[in-house]
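Values in this document were obtained by computation on a predicted structure and should not be read as measured data. Heads up: numbering here begins at 1 and tracks the sequence.
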Amino acid sequence: MKPIIYQLFPRWFTNYNATCCPDGSIEQNGSGKMNSFTPQILKSIKELGITHIWYTGVIEHAHATDYSKYGIAPDNPHVVKGKAGSPYAISDYYDIDPDIAVNVDKRLEEFDALVDRTHKAGMKVIIDFVPNHVARRYCSDAKPVGIEDFGERDDNTYFFSPANDFYYITRQLFAPSIDLGDGDDTYIEFPAKASGNDCFTAFPSKNDWYETVKLNYGVDYGDHSCHFDPIPPVWFKMLHILRYWASKGIDGFRCDMVFMVPLEFWRWAIPAVKKDYPDIIFIGEIYDVNLYYDFLSAGFDYLYDKVNLYDTLRAIQCSNISAARLTDCWQRIDPIKDRMLNFLENHDEQRFASEFYAGDPALVIPSLVVSATMSRGPVMIYAGQELGEPAADSEGFSGRDGRTTIFDYWSLATLRRWLNDGKPSTTRLTAREKWLRQRYIKILHLCNNENAISHGDFFDLMYVNYENVTLNPHRQYVYLRYDKESLLVIAVNFGSNTCDLMINIPQLAIDMSGFKEEKYQAEELLSGEKSEKVLSSEKPFDTFITPHSAVIWKLSQKKKANGNKK
């Protein structure tokens, strides 16, 4: 199965409040709840072709809302970004965030029930693992007996000690370039701890990760020496956290900023988890192609391909970069391309439909087809992407930046129309939203319905088409996917003009596919059109493509009546 991952924030996904105000409190704006993910909603998500849901922001993190009456230590709002706070400023690794619980005292039980409902709906569950940093105020009230909090035994007179969990800016008061309050609510931290983005100073800026504290995995950033023997205490604590959540029946971890944690930790921790939970997957967020091989060898199943395919597709769409550059993408990572997670949107990136990116969700088809069908690896969709969510709101802390906020209590009109107060329906969607959702359904279902995509091989046709007068390599890209039963001729058009393509297919590609050079009754899988097509190294393969679109022509091996191939 080719994983098709749907990333969503429970906090805003099932929030039906249509009158949210910028920088509003949870009382004003509300919050989505885990219990709101009914079997009907999960079924509607699965209809997209989804195999996994990544529930983002479910672990307890720092926020301005006070839950002290439930035994949860409050966070100082001056070191929380937004009212709802960043889901990557974890304040208790062993707990579920109270914002998304109907009954706060039963939040862990509500999460267990959500996992169970998701599994019954035929999908798997992914959650975040945030290993590099914690919230400025970390205090676990849910930790198992015998587990110590981070920093509990630290000697804060040292910048670095192999026995410490944090890095300390000794004899310095934490003094970032933000307001830390006045009077009783002043945030005071002495000595200052290093901030999560490797900011080893007491004076982080407002653009630093000042709301987080860097964890110590045994690397002395003073002289860059490594101290992994004996194993640092943070390693054991993190391994226990991974095993804790794996024991709850989740199916995978999306691991945050994996390159900021020593490779040696991953080589130690991932096999240890998989020994007891062999089917669990690890997805790494990473931004350096040169590190891909090392982290895959450390045990990661999949890695973000942000700086390779995502950046290239965005540049083709927005910066007039040639579509022919897509060839460089797969060549750069060819031996591992099936272990790359492709995406067009996630919580860190600007929405495709936003004014900062394409500006029109209908232009997504060529990028989506390439992202979804170029390899056997997973593809990820960000909630609302399939409806053309434009991220046009100024929600509060995040501002109007083309992203859906991760810091504020909010609600999305596109999702509200689709989810229809908990009774999913397309009746309230606009004509464009209906059309777009159907395109996503068609393309995402092909990923696992067509074995040539999920398990087949790839052949780039560009090298025999650069002198093809019918094909503009600046705007069109062509390739094959094939297995023993079928051959797919895929052509995408990033341009604003129609194309009558005559695609050259070399003898090498035909030989490798195992298909004969002859006429076939072919079907275009996106439109359902049927036509007789010739597969030949001498005669080009003809197809018509509309602007900002794609075609996927399927040729099937002919069989005799007894089921054997000719």
Practice task
Quick one: list whatever passes side chain to side chain contact (heavy atoms under 4.5 Å, CB included) with Cys139, sequence neighbours left out.
Solution key: Ala73, Arg137, Asp149
Problem - Option among Val58, Asp99, Ile72 that satisfies the side-chain contact (heavy atoms from CB on, under 4.5 Å) test with Arg107 - result: Ile72
Practice task
Ignoring hydrogens and angles, tell me if any N or O in the side chain of Arg403 forms a donor-acceptor pair with the backbone of Ser398 under 3.5 Å.
Solution key: no
Problem - Any side-chain heavy-atom pair of Pro87 and Arg11 under 4.5 Å - result: yes
Problem - Check ion pair Glu345-Arg351 (N to O, under 4.0 angstrom) - result: yes
Handout entry: Exam field: side chain Lys143 to backbone Ser140, donor-acceptor pair closer than 3.5 Å
Key = yes
Handout entry: Note, Glu389 side chain near Leu415 side chain (heavy atom, < 4.5 Å)
Key = no
Exercise for the section: Starting from the C-alpha separation in whole Å, work towards a yes-or-no answer on side-chain contact (heavy atoms from CB on, under 4.5 Å) for Phe37 and Ile53. Expected result: CA-CA 12 Å; Phe37 286 86; Ile53 297 181; 5.8 Å; no
Completion exercise
To the nearest 0.5 Å, atom CD1 of Ile365 lies from atom NZ of Lys442 at 12.0 Å
Exercise for the section: Any chance you could measure Lys434, atom NZ, to Arg439, atom CZ, to the nearest 0.5 Å? Expected result: 16.0 Å
Practice task
Assess the side chains of Asp141 and Tyr70: does a donor N or O sit below 3.5 Å from an acceptor N or O?
Solution key: no
Problem - Residues that Tyr304 engages under side-chain hydrogen bond (donor to acceptor under 3.5 Å, both in side chains), provided they are two or more places apart - result: Arg254
Practice task
Specify the closest pair of heavy atoms between Phe9 and His347, including all atoms of both residues, with the distance to one decimal.
Solution key: CE1-CB, 3.8 Å
Exercise for the section: Using a 4.5 Å cut-off on heavy atoms from C-beta on, say whether the side chain of Leu368 contacts that of Phe352. Expected result: no
Handout entry: Candidate list Tyr210, Tyr167, Tyr217, Trp209, test ring pair (Phe, Tyr, Trp, His ring centres under 6.0 Å), partner His133, passing option
Key = Trp209
Exercise for the section: Ignoring hydrogens and angles, tell me if any N or O in the side chain of Asn15 forms a donor-acceptor pair with the backbone of Asn29 under 3.5 Å. Expected result: yes
Under 3.5 Å, which donor-acceptor pairs do the side chains of residues 264-275 form with other protein atoms, sequence neighbours left out?
residue, atom, partner, partner atom, Å
Trp266, NE1, Val258, O, 3.1
Lys274, NZ, Asp301, OD1, 2.8
Lys274, NZ, Asp301, OD2, 2.7

Handout entry: Sidechain-backbone polar pair: Asn448 side chain, Met1 backbone, donor-acceptor under 3.5 Å
Key = no
Problem - CA sep, side-chain torsions, deciding dist, call: Trp245, Phe111, ring-ring contact (aromatic ring centres under 6.0 Å, His included) - result: CA-CA 11 Å; Trp245 290 107; Phe111 175 75; 5.6 Å; yes
Handout entry: Basic-acidic side-chain contact under 4.0 Å: Lys83, Asp408
Key = no
Handout entry: Pairing of Asp334 and Lys337 as salt bridge, 4.0 angstrom limit
Key = yes
Handout entry: Check: Asn216 side chain, Asp165 main-chain N or O, donor-acceptor pair, under 3.5 Å
Key = no
Exercise for the section: Decide if the gap between the ring center of Trp12 and the ring center of Tyr409 is smaller than 6.0 angstrom. Expected result: no
Practice task
Taking Gln7 for its side chain and Tyr55 for its backbone only, find out whether a donor-acceptor pair lies under 3.5 Å.
Solution key: no
Problem - Side-chain heavy atoms of Val307 within contact of Val289, under 4.5 Å - result: yes
Practice task
Examine distances only and state if a side-chain atom of Lys2 and a backbone atom of Ser375 form a donor-acceptor pair shorter than 3.5 Å.
Solution key: yes
Handout entry: Short N-O contact, Arg481 and Asp457, less than 4.0 angstrom
Key = no
Practice task
Please examine the side chains of Pro144 and His240, heavy atoms only from C-beta on, and report whether any two atoms are closer than 4.5 Å.
Solution key: yes
Problem - Intermediate values then yes/no, side-chain contact (heavy atoms from CB on, under 4.5 Å), Ile381 and Glu386 - result: CA-CA 8 Å; Ile381 305 300; Glu386 75 281 10; 4.0 Å; yes
Practice task
Determine, using ring centers only, whether His61 and Phe407 are less than 6.0 Å apart.
Solution key: no
Exercise for the section: Report the distance from atom NZ of Lys554 to atom CG of Leu446, rounding to the nearest 0.5 Å. Expected result: 9.0 Å
Exercise for the section: Using modelled atom types only, decide if a donor and an acceptor are shared between the side chain of Asp97 and the backbone of Glu60 within a distance under 3.5 Å. Expected result: no
Exercise for the section: For residues Phe458 and Trp330, establish whether the separation of their ring centroids is below 6.0 Å. Expected result: yes
Problem - pair Tyr16-Leu419: side-chain heavy atoms closer than 4.5 Å - result: yes
Practice task
Indicate yes or no: does Asp338 engage Arg376 in a salt bridge with an N to O separation below 4.0 Å.
Solution key: yes
Handout entry: Between Phe343 and Tyr382, ring centroids under 6.0 Å
Key = no
Handout entry: Closest non-hydrogen atom pair, Cys226 against Val219
Key = SG-CG2, 4.3 Å
Completion exercise
Output for pair (Asn164 CG, Leu215 CG), nearest 0.5 Å, gives 11.5 Å
Problem - Atom pair CG/CD1 of Leu341 and Ile286 - distance to nearest 0.5 Å - result: 13.0 Å
Handout entry: Pairwise distance CG(Leu412) to CG(Asp393) - rounded to 0.5 angstrom
Key = 7.0 Å
Handout entry: Under 3.5 Å donor-acceptor, Thr51 side chain and Ile4 backbone
Key = yes
Exercise for the section: With the side chain counted from C-beta on, respond yes when Thr212 and Asn132 share a heavy-atom pair under 4.5 Å apart, and no when they do not. Expected result: no
Exercise for the section: Give a yes or no on whether the ring-centroid distance for Tyr302 and Phe300 is below 6.0 angstrom. Expected result: no
Handout entry: Candidate pair Asp251 and Ile280, rule side-chain contact (heavy atoms from CB on, under 4.5 Å), full reasoning
Key = CA-CA 5 Å; Asp251 305 285; Ile280 206 157; 5.6 Å; no
Handout entry: Thr426-Arg417 side chain donor-acceptor pair, cut-off 3.5 Å
Key = no
Handout entry: Side-chain donor-acceptor contact under 3.5 Å, Glu349 with Tyr357
Key = no
Completion exercise
Residues Ala64 and Val80: closest non-hydrogen pair is N-CG1, 4.0 Å
Problem - Asp128 versus Trp54, side-chain donor and acceptor atoms under 3.5 Å - result: yes
Exercise for the section: For the residue pair Asn449 and Leu525, establish whether any side-chain heavy-atom pair is separated by less than 4.5 Å. Expected result: no
Practice task
Return yes if some donor-acceptor pair links the side-chain N/O of Thr373 with the main-chain N/O of Val369 below 3.5 Å, else return no.
Solution key: yes
Exercise for the section: Could you note down all residue pairs passing side-chain hydrogen bond (donor to acceptor under 3.5 Å, both in side chains) where residues 37-48 supplies at least one of them, sequence neighbours left out? Expected result: Thr38-Gln40, Ser44-Trp418, Ser44-Arg437
Problem - Residues that Asp116 engages under side chain to side chain contact (heavy atoms under 4.5 Å, CB included), provided they are two or more places apart - result: Lys120
Practice task
Applying salt bridge (Lys or Arg N to Asp or Glu O under 4.0 Å), name anything that partners Asp483, two or more places apart in sequence or on another chain.
Solution key: none
Handout entry: Qualifying residue, where the test is ring pair (Phe, Tyr, Trp, His ring centres under 6.0 Å) with Tyr244 and the options are Phe129, Tyr94, Phe253
Key = Tyr94
